[in-house]
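Fair warning: this is a prediction, and the values are worked out from it, not measured in the lab. In what follows, every chain begins at residue 1, and chains take the letters A, B, ... in the order their sequences are listed.
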Amino acid sequence: MHRIDIKYEAERFGLVFVWIALILLFGVMRPETFLTWSNFSTIFGSEAVLVIVTLGLIIPLTAGDFDLSIAQNLTLASMVTAILNARLGVPIIATIPLVLLIGMGIGVVNGAITLYFRVHSLIVTLGIGTFLHGITLWISNSQTISGVSSSLIKYVIVTRILGIPIEFYYAIILCAVIWYVFSYTAYGQHLLFTGRGKEVARLTGVNVGAVRMGAFIASGFMGAVAGILYTGTTGSANPSSGTFLLLPAFAAAFLGATCIKPGRFNPWGSVIAVYFLVTGINGLSVLGFRTFVQDLFYGGALVVAVMVSQLISGRKERSI
Amino acid sequence: MHRIDIKYEAERFGLVFVWIALILLFGVMRPETFLTWSNFSTIFGSEAVLVIVTLGLIIPLTAGDFDLSIAQNLTLASMVTAILNARLGVPIIATIPLVLLIGMGIGVVNGAITLYFRVHSLIVTLGIGTFLHGITLWISNSQTISGVSSSLIKYVIVTRILGIPIEFYYAIILCAVIWYVFSYTAYGQHLLFTGRGKEVARLTGVNVGAVRMGAFIASGFMGAVAGILYTGTTGSANPSSGTFLLLPAFAAAFLGATCIKPGRFNPWGSVIAVYFLVTGINGLSVLGFRTFVQDLFYGGALVVAVMVSQLISGRKERSI
Amino acid sequence: GQSDGVAAAKANIDRYSKIPTFEAPGEAFDAKACMAGKSIFTIPASSSIPFIKTIADHRNEIAKQLGFEHSIWENQGNPTQWIQGIDFSINNNFDLISLLAGADPRFFEPQVKAARDAGLAVVTAHLTGLEQDVPGGVTSATAIDYKTAGSLLADWSIVQTDGKVNALVLVSNEALSTDSMVSGLKAAFDTNCPDCKYEIVNVPISDWATKIQPTVRAKLQADADINYVIPIYDSMSSFVVPAITITGKGDSVRVATFNGTPFVIDFVREGQVEMDVGENLDWIAHAMLDAEMRILCGLEPVRDSKVPLLIFDRNNAATAGTPAEASKGYGDDYVTGYHKLWMIEK
Amino acid sequence: MIATQAGAAERKPSPVERLSICGLTKVFGGNRALDAVDFEVASGEIHGLLGQNGSGKSTLIKILSGFYAPDAGSISIDGHPIPLPMPMGRHEAMGLAFVHQNLGLYPDGTVLENLIAGDHGRLNSWRIDWRQEAARARALFATFKLDLKPNDLVETLSPVLRAQLAIVRAADRIQHGNDTGSAILVLDEPTPFLPMDDVQALFSMMRQLAATGVSIIFVSHDIDEIIDVTDRATVLRDGKTIGSFDTASMSRPQIVEMIVGHALKTDRTAGDTVKTDVNANVVTSSVCGRLIQNLSFEVKPGEILGLTGLIGSGYDEVPYLLNGSTTARTGSLVVRGNTFDLGTVTPARSMKAGVVLIPADRQITGIVPELTLLENVSLPVLGNHERPGYINHKKLRDNADRLLKHFKVKAEGPDQQAGDLSGGNQQKIVLAKWLQLNPVLVLLDEPTQGIDVGARAEIYDFLNTLCAGGASVICATSEFEQLEAIAHRVLVFDRGQVTVELKDGDVTKSNIAKACYLKATTTNAQN
Ligand SMILES: Nc1ncnc2c1ncn2[C@@H]1O[C@H](COP(=O)(O)OP(=O)(O)OP(=O)(O)O)[C@@H](O)[C@H]1O
Ligand SMILES: Nc1ncnc2c1ncn2[C@@H]1O[C@H](COP(=O)(O)OP(=O)(O)OP(=O)(O)O)[C@@H](O)[C@H]1O
Ligand SMILES: [Mg+2]
Ligand SMILES: [Mg+2]
């Protein structure tokens, strides 16, 4: 960590450089539209939800578990927020804690089944996610629910700081909190050891079950936060909102693990990975490329970025 | 393998019993419609594509790799089949080998990047899958392409044996082949060792790289087969056909690993898992439940099935 | 009596079985002159859906012809991208945002409000039925006669079975047009064939690929007398057709649907689908742009786009081309009609 | 000890050596793991390979197996140079078979699956006849008198059985595998897991094989074993060849001096640290585990209590029962007046009470190989900082630097990955991780397994220092010599019960061996 080593620093910041290069490229091609502060504030503001989902994923990933239910958790949270607030008239200040509790409750269910029955988290969370999707369709009658209180909308996107909607700052604050927890608390190290060597952790007095449970609850919480922000961003909830987010969030989590702290899932890396990918997509839209080019870019960038990062590190064997 | 042990047998066939119980339940409720051969031949004939995708997944899963690109591989294969045959007039007999080659080529690319750059297969195949989706959108101009030769359709669903469309038998033959390879060949053993401990496999003289590459090629091949059958089933190719098969296939692969050979991905288990889930969905529709109930069943059944299987085995710690 | 109903249905079908004629949605105006210096920003629901992509591209060509600025926000149907598009158009001083064919403003009302506050007009195009309210706080909604489309689906099955319909109707509730189509369909059954049976099943759009097949298969098993499957959007037919084939009911169950997507017209020609109510995409492009230009030119806004419907069955499917193309088979006097309306041709 | 085989010393060097290694070099980063190593093995010879931890023995072996590519040097078999790097999976065809230091078994596979793994030459790749293979395996196990069943899962086997499986697998390959007639069996520290009579069984197996012309390379840190079984031996130090010699011509101290580079004191005796006049530090009563029944004993401050017995006697279960990593059926532990119920205690609680466990299986339970040394040694002390929940990285780093120095770990620095260290140095990391807590009671399971003579002495020093500070040590081991060197008192187990207790002067290798092997009579007498 404290060694200064050009190769290692290149590896840590490789993705940042590629991101900057991409911005310059689009900037040269469309200086007047792409390279404006308002365009960047749009990019930063609109992908806060994806950032939060990605941050939610990396917590159980660090502990060695997958949470595939986070996307459907988001959708349900978004739908419950809209139904409680817009349909049943529950004030938003009461809705939010309730929804956060539901999210954490889902985390508890995921964790309890995974831990008590010793089943792989991938299948548990896939099953729970599908179940949650069913609930969402049920309570919403498969409809989009709009009419959410404008105060929620105000504190999610209308309020801006430096021109960027405030939800971006929420995401950054969450990122900073997770970074602090990962780096400066015993829980962060316990997560890491749980993910990399459960037996070592257990014999060193780490309550591995509690650590994993904590990770599931945290990702459930993040899913609910993302759901509330989603509703706040769009002023409505639709029953398929989260579906689009799962694979991009996984992509960003793994891509993020190639930078800042290579070889580990880390929050700043995740944020950079999200915005790198989004910048590319946005730039292609601004240039008016057809949408298949977005897929080519997304897939290609992902693969090339991890390849380059591995080349820099000398193709080191890694467990993630 | 050769021990006879009631608890172990209960574990092996637990899912089969649950499946039978489900059939009996629906049968009692709707004897005249559910419990008919035509209904079962429909159930069996309809999910051959999903079975093949699941079989394709378990090969790299056994070797410890994820192939998330298989769904987009399927979509591309389906689209290339339709375009070559319906638009460019290439006879189906020439189209099929070409498409199979493309599928295996995709496997080679996945394998080469994963192995040479030592990147986690999850992110490589996610990236390649997205890239393939871009290619599919490009070559199809985002259109559904129909007009595929009726001989393909004939040899996929029109021809029936015992009332079941012939594609079911293709899936069963592929399953038998994979079962043979897993159980009776050195390659099957190498796959297993590679998946459970690359280092151990390497020390016992297994060429781990070649084994993993082989697994990627095999799953690429299976993806292409599934794509061709998909085109034959629907008589057309649409640019998002495979996207929705990925999660159900993963669910079936993991659920299948709870039966027949508990703790290992295995082909017969996968087939049973697919048809167990499909039977449930079919029964619920026959009973007239609304579609969200399918999600509740799907998610619930998945979780409950693995929980029950773990209870039978005494909640044994497993690596999958 | 029943035969009256069948006759009424037949009359309705006949009305929409001939090549449509152009009907002006409003007074003529000098489009080139009044659009000078104005700009329109189109956000299609998804540029990877060919139906929508084609309309957007045709709008682009017309705009070029008329000489005003028109941009398309390429996206993949992700609401976050729609939101980015709205922000982009505000930042780049466009005059009007056109939410094309499914970019539902209820998904992002705050952004719509922001755009209107910034002085932009926000219009939905090809989203609502004639009788539906303007959704999500937009300036105006250019509507399509979905209700009639729904009634045509019902009437067709009534005519073909001589009033003995037992239909499975597949809908997607989250699309606004569904309400309008379903009300037309129900009304037609109620008036023309009260004894006909139909069951409406909702399958959300994101679940089409996974749920349509098993649902259709199970329904056909559960009720052997079903003789029509009516997927109200024709892209559903790629899942409906194999489900019918696998259950072995290709002979007794027929498919009637709406949209006129080329591959489905191919299906009609080949006999896997019996009929498809089509819309001319190029016509839609003209009509939607016409309505939007009227707003920018300060004219009376139009709600009814007067985009006609045309029934394709095996008799006329080939007029759409082999393989079918998006705007073929509808005649082309509408082009001259719009050119005259816009005063670029006398 | 059985005397060296008579024939060994009279071996005539053959004109062409079976295996000849010349100038072999392997550099990892800046570290020369092997530096121009030369050595030769004749046919039918048992050749010892000695060296301190990290001297390059395993690296050499992994190059032979094709696991690593060397940076320079050549290898020839029977005078024919072989291509380097050795192609994967080809070593068998060249007549090489290996038992690697970590055995190379796949735990959730069956015994049979592991036995035939990699048997490329013999198996039909397209049709494995499991029934016939199982019959063959049973016959094989019968020949070697092993209590193994083809369908057992490897994860349920004891460490001994696992080692035996790995060895029998390699021996089997040697017997049928080679078409060239030249066979070389390589054993990288196979004995630490084995009780004495299994070691002897292994040795007679080795001699049998050697008599048929098989050459054997045998790595061990136990000099008595080397003297016992090998004909010749080669010593590595810091990746260089120090020399090869006929074993019969060398004395034990001479060999030790070659390994460590300077003369070492002969076996030290346990320090005079036991405080007999005070209350016991640790009292256990009525502990019952899987094999252990009704075990009660006391340990005084400053005392090192040894636990031993034959495999299956249950002594190796005790450390895990006492800190709660394995839940006891019943029993209690009193540490400095605090009583713990062993049916409910957790590792976390016993850590707080000053009880630490140093497990035998360091790769799985001791360290996380892919994390850094800093992270590995810091794990138990994360909470010990001024603000709860906050980690002071500077303090941890200083602490790690200090520990690496204090425990003489051969490493680049605290940021090196733990997996990059040699086995012995990894063990020092595990010790450092635990002993920094200033424990009251240290539980050890095979603490010097795979550790060289020099490092072993260092570890004994650490333990003595600890005892001088008033801590108690419980050490479960199968190495009697080690107990002779350090233990104040030894409990010998049989079938879950203590059969013999040896004290002070009675703690000698031969007394312990006698107590273990004469169990049949004594057990009956004591019951
Ligand atoms: N992967 C690695 N990366 C860096 N250095 C390594 C790696 N593996 C081993 N080493 C270094 O090589 C040296 C020898 O290691 P090796 O495991 O061969 O030791 P050894 O002789 O087997 O010792 P021991 O008896 O302790 O097992 C050690 O100093 C170790 O730090
Ligand atoms: N993969 C590796 N990368 C870097 N260094 C390595 C690697 N493997 C071994 N080394 C280093 O090579 C040296 C020799 O290691 P080796 O494992 O051969 O020692 P050894 O003699 O077997 O020791 P031990 O007796 O502890 O097993 C050590 O310094 C070790 O750290
Ligand atoms: Mg070694
Ligand atoms: Mg070693």
Side-chain angles (χ1 to χ4, degrees), chain A residues 68-69 72 109 113 116-120 122-124 126-142 239 246-248 250-251 253-255 257-258 290-311 313 315-320, chain B residues 68-69 72 109 113 116-120 122-124 126-142 198 239 246-248 250-251 253-255 257-258 290-311 315-320:
Chain A
L68 298 184
S69 73
Q72 300 303 346
V109 173
I113 298 176
Y116 181 75
F117 291 96
R118 306 206 176 102
V119 189
H120 197 299
L122 198 100
I123 186 154
V124 173
L126 187 55
I128 295 291
T130 312
F131 194 83
L132 295 179
H133 183 54
I135 295 180
T136 306
L137 290 176
W138 187 8
I139 61 174
S140 67
N141 198 17
S142 310
L246 189 62
L247 290 188
F250 265 97
F254 277 84
L255 184 56
T258 65
R290 287 166 58 199
T291 45
F292 73 82
V293 181
Q294 296 181 6
D295 283 315
L296 296 181
F297 166 78
Y298 206 99
L302 213 54
V303 172
V304 171
V306 291
M307 279 174 10
V308 168
S309 128
Q310 277 299 81
L311 277 186
S313 78
R315 301 191 295 118
K316 208 165 157 195
E317 192 71 66
R318 300 199 187 282
S319 59
I320 59 164
Chain B
L68 299 184
S69 74
Q72 299 304 344
V109 173
I113 297 176
Y116 181 76
F117 291 96
R118 306 205 177 101
V119 189
H120 197 298
L122 198 102
I123 186 155
V124 173
L126 186 55
I128 295 290
T130 312
F131 194 82
L132 294 179
H133 189 228
I135 294 179
T136 307
L137 290 175
W138 186 8
I139 61 174
S140 67
N141 198 15
S142 307
K198 295 198 171 46
L246 189 63
L247 291 187
F250 264 97
F254 277 83
L255 183 56
T258 65
R290 285 163 60 196
T291 47
F292 74 81
V293 181
Q294 295 181 8
D295 286 310
L296 296 181
F297 167 79
Y298 205 102
L302 210 57
V303 172
V304 171
V306 291
M307 277 171 19
V308 169
S309 129
Q310 277 299 83
L311 277 186
R315 303 192 293 118
K316 203 170 153 197
E317 193 69 64
R318 297 201 188 281
S319 55
I320 59 165

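Of all the heavy atoms in L255(B) and I123(A), the pair that sits closest is N-CD1, 3.4 Å. Summarising the geometry of Q310(B) relative to R118(A), their closest heavy-atom pair is NE2-O, 3.0 Å, with the distance given to 0.1 Å. When every heavy atom of W138(B) is checked against every heavy atom of L296(A), the shortest pair comes out as CE3-CD1, 4.2 Å.
Here the CG atom belonging to N141(A) is positioned 8.5 Å from the CZ atom belonging to F292(B), to the nearest 0.5 angstrom. Taken from CZ in F254(B) to CG in L122(A), the straight-line distance is 4.5 Å, to the nearest 0.5 Å.
Under the salt bridge (charged side-chain N to carboxylate O under 4.0 Å, His left out) criterion, D295(B) pairs with K211(C), sequence neighbours left out. Shown here are the side chain to side chain contact (heavy atoms under 4.5 Å, CB included) partners of I139(A), two or more places apart in sequence or in another chain: L76(A), M79(A), V80(A), I83(A), I135(A).
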- Message: Could you walk me through whether L126(B) and L247(A) satisfy the side chain to side chain contact (heavy atoms under 4.5 Å, CB included) test, starting with their C-alpha distance in whole Å, then the side-chain angles of each, then the deciding distance to 0.1 Å, before giving a yes or no?
- Response: CA-CA 8 Å; L126(B) 186 55; L247(A) 290 188; 3.9 Å; yes

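Chain A forms more heavy-atom pairs under 4.5 Å with one residue of S69(B), G299(B), G300(B) than with any other, namely G299(B). Of the listed residues (T258(A), T130(A), L132(A)), the greatest number of heavy-atom pairs within a distance under 4.5 Å of chain B belongs to T130(A).
Side-chain contact check for V303(B) versus I128(A): some heavy-atom pair is nearer than 4.5 Å.
Within the 4.5 angstrom heavy-atom criterion, atoms from both the backbone and the side chain of Y116(B) approach chain A.
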